[in-house]
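Just below is one structure, and these are the notes that go with it.
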There are 2 protein chains.
Amino acid sequence: MPAKAPLPRQPVRGSTTGRPIMALLDLLGRRWSLRVLWELQNGPLTFRALQAACDGVSPTVLQQRLKELRAARLVVHDEGRGYALTEAARQLQPNLMALQDWAEAWAREEGSRETGSEEQE
Amino acid sequence: MPAKAPLPRQPVRGSTTGRPIMALLDLLGRRWSLRVLWELQNGPLTFRALQAACDGVSPTVLQQRLKELRAARLVVHDEGRGYALTEAARQLQPNLMALQDWAEAWAREEGSRETGSEEQE
DNA sequence: GATAATGCTACTAAATCAGTAGCGCAAGGA
DNA sequence: TCCTTGCGCTACTGATTTAGTAGCATTATC
């Protein structure tokens, strides 16, 4: 039995308070959630196209994530065009772009460090 | 064998390109990653305090996440004060606060919908 | 009829996470 | 010294989640 889709105003995995941010962190903190939102930024994708965009994520998980994201009204399945972000999700887009920028700077930071040491398996 | 800590400029789970955003999405898309950053916003926490803040997350996973976040230089373990965000991580803070605001609006949206239907188990 | 693309499900194996217990260490008080 | 407390961290078992592969039913196009 998979976990319930996190929704605001009700307890979620890891928090019983019902605080909306906790539901959001639960939702986005599941594998492929952020990635799916990222890949849908440039327009709708069919299930299979989305699967390909996410480097061949297994359909089981993708199906599960889409179910949750639809329950949370971040994604809709527009018959014919495929899966698309809702208006609500689009308001998260600036955040995602900011993450993008941040990640670029992060890479420069790490790149200039020249360690090659502290990885882990 | 747990997965490697995602770092920019190298392939990660779900993407072989080495694009920094992919590493970031992999890193943040692991359970408790976003939550840990969230909980550390207001200052350093000891391991146990952090564990409590995250509603008793199992020490195994918390240890793993902290390892990854330290490898990514988002978190440091300041001996004596506990775990703290790095300057780099602090630049993500506005994003997290934006998520907070977004989540509040999300809750109002959902709250005004009055369905109580489309959950899933 | 053959081919291809769609969304989606079933199934097994692998990886991750949860839950609990406990270690070694250091500090503080009696 | 003994006792207690808190610290970071590890071990272990079982539950949950994810990966990987195959395949179905449907629709559309040739």
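What you are looking at is a predicted structure, and each value in this text was computed from that prediction instead of being measured. Values below: all heavy atoms of this structure, side chains included; hydrogens, waters and symmetry mates excluded. We name chains A, B, ... by the order of the sequence lines, and we start the count at 1 in each one.
Helix-axis bend for the helix from C/dG1-D/dC30 to C/dA30-D/dT1: the local axis fitted to the five terminal pairs at one end deviates from that at the other end by 10°, rounded to 10°.
Contacts between residues 40-50 of chain A and DNA chain C, defined by a heavy-atom separation under 4.0 Å, are made by A/T46, A/F47, A/R48. Scanning residues 77-84 of chain B for heavy-atom distances under 4.0 Å to DNA chain D yields B/H77, B/Y83.
The minimum heavy-atom distance linking A/E110 with B/A71 is given by the pair OE1-O, 4.5 Å. Counting all heavy atoms, side chain and backbone alike, A/L24 lies closest to B/L99 at CD2-O, 3.6 Å. Across all their heavy atoms, B/W106 and A/A23 have their closest contact at CZ3-CB, 4.0 Å. Contact between B/A72 and B/L7 at its shortest, heavy atoms only, is CA-CD2, 3.6 Å.
Residue pairs meeting the salt bridge (charged side-chain N to carboxylate O under 4.0 Å, His left out) criterion with at least one member in residues 79-102 of chain A, sequence neighbours excluded, are A/D78-A/R81. Among pairs with a residue in residues 40-54 of chain A, none fulfils salt bridge (charged side-chain N to carboxylate O under 4.0 Å, His left out), at least two apart in sequence or across chains.
Remark: C1' of D/dG8 and CG of B/L69 are 16 Å apart, rounded to the nearest angstrom. The distance between atom CD of B/Q63 and atom C1' of D/dC7, rounded to the nearest whole Å, is 12 Å. A straight line from CD of B/Q51 to C1' of C/dG19 spans 11 Å, rounded to a whole angstrom. Distance, A/R35 CZ to D/dT18 P: 15 Å, rounded to whole Å. Distance A/D26 CG to D/dT16 P: 16 Å, rounded to the nearest Å. With rounding to whole Å, A/L66 atom CG is found 14 Å from C/dT6 atom P.
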Listing time: all N or O pairs from protein to nucleotides 16-18 of chain C that are below 3.5 Å?
unit_1	atom_1	unit_2	atom_2	d
C/dT16	OP1	B/A3	N	2.9
C/dT16	OP1	B/R13	NH1	3.4
C/dT16	OP2	B/M1	O	2.8
C/dC17	OP1	B/R65	NH1	3.0
C/dC17	OP2	B/R65	NH1	3.3
C/dC17	OP2	B/R65	NH2	3.1
C/dA18	OP1	B/R31	NE	3.3
C/dA18	OP1	B/W32	NE1	3.4
C/dA18	OP2	B/W32	NE1	3.1

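A distance-only check finds a donor-acceptor pair linking the side chain of B/T86 to the backbone of B/R73 [under 3.5 Å]. Under the 3.5 Å distance criterion, the side-chain polar atoms of A/R65 are matched with a main-chain donor or acceptor of A/R31. Panel note: side chain A/D26, backbone A/P6; no donor-acceptor pair is recorded below 3.5 Å. Here the side chain of B/Q51 pairs a donor or acceptor atom with the backbone of B/V57 at under 3.5 angstrom.
The only member of A/M97, A/R35, A/Q100 that meets side chain to side chain contact (heavy atoms under 4.5 Å, CB included) when paired with B/I21 is A/Q100.
Note on B/R30 versus B/E68: salt bridge recorded, some NZ/NE/NH1/NH2 to OD/OE distance being below 4.0 Å.
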Q | Stepwise side chain to side chain contact (heavy atoms under 4.5 Å, CB included) check, B/F47 with B/L66 | A | CA-CA 9 Å; B/F47 183 89; B/L66 287 171; 3.7 Å; yes

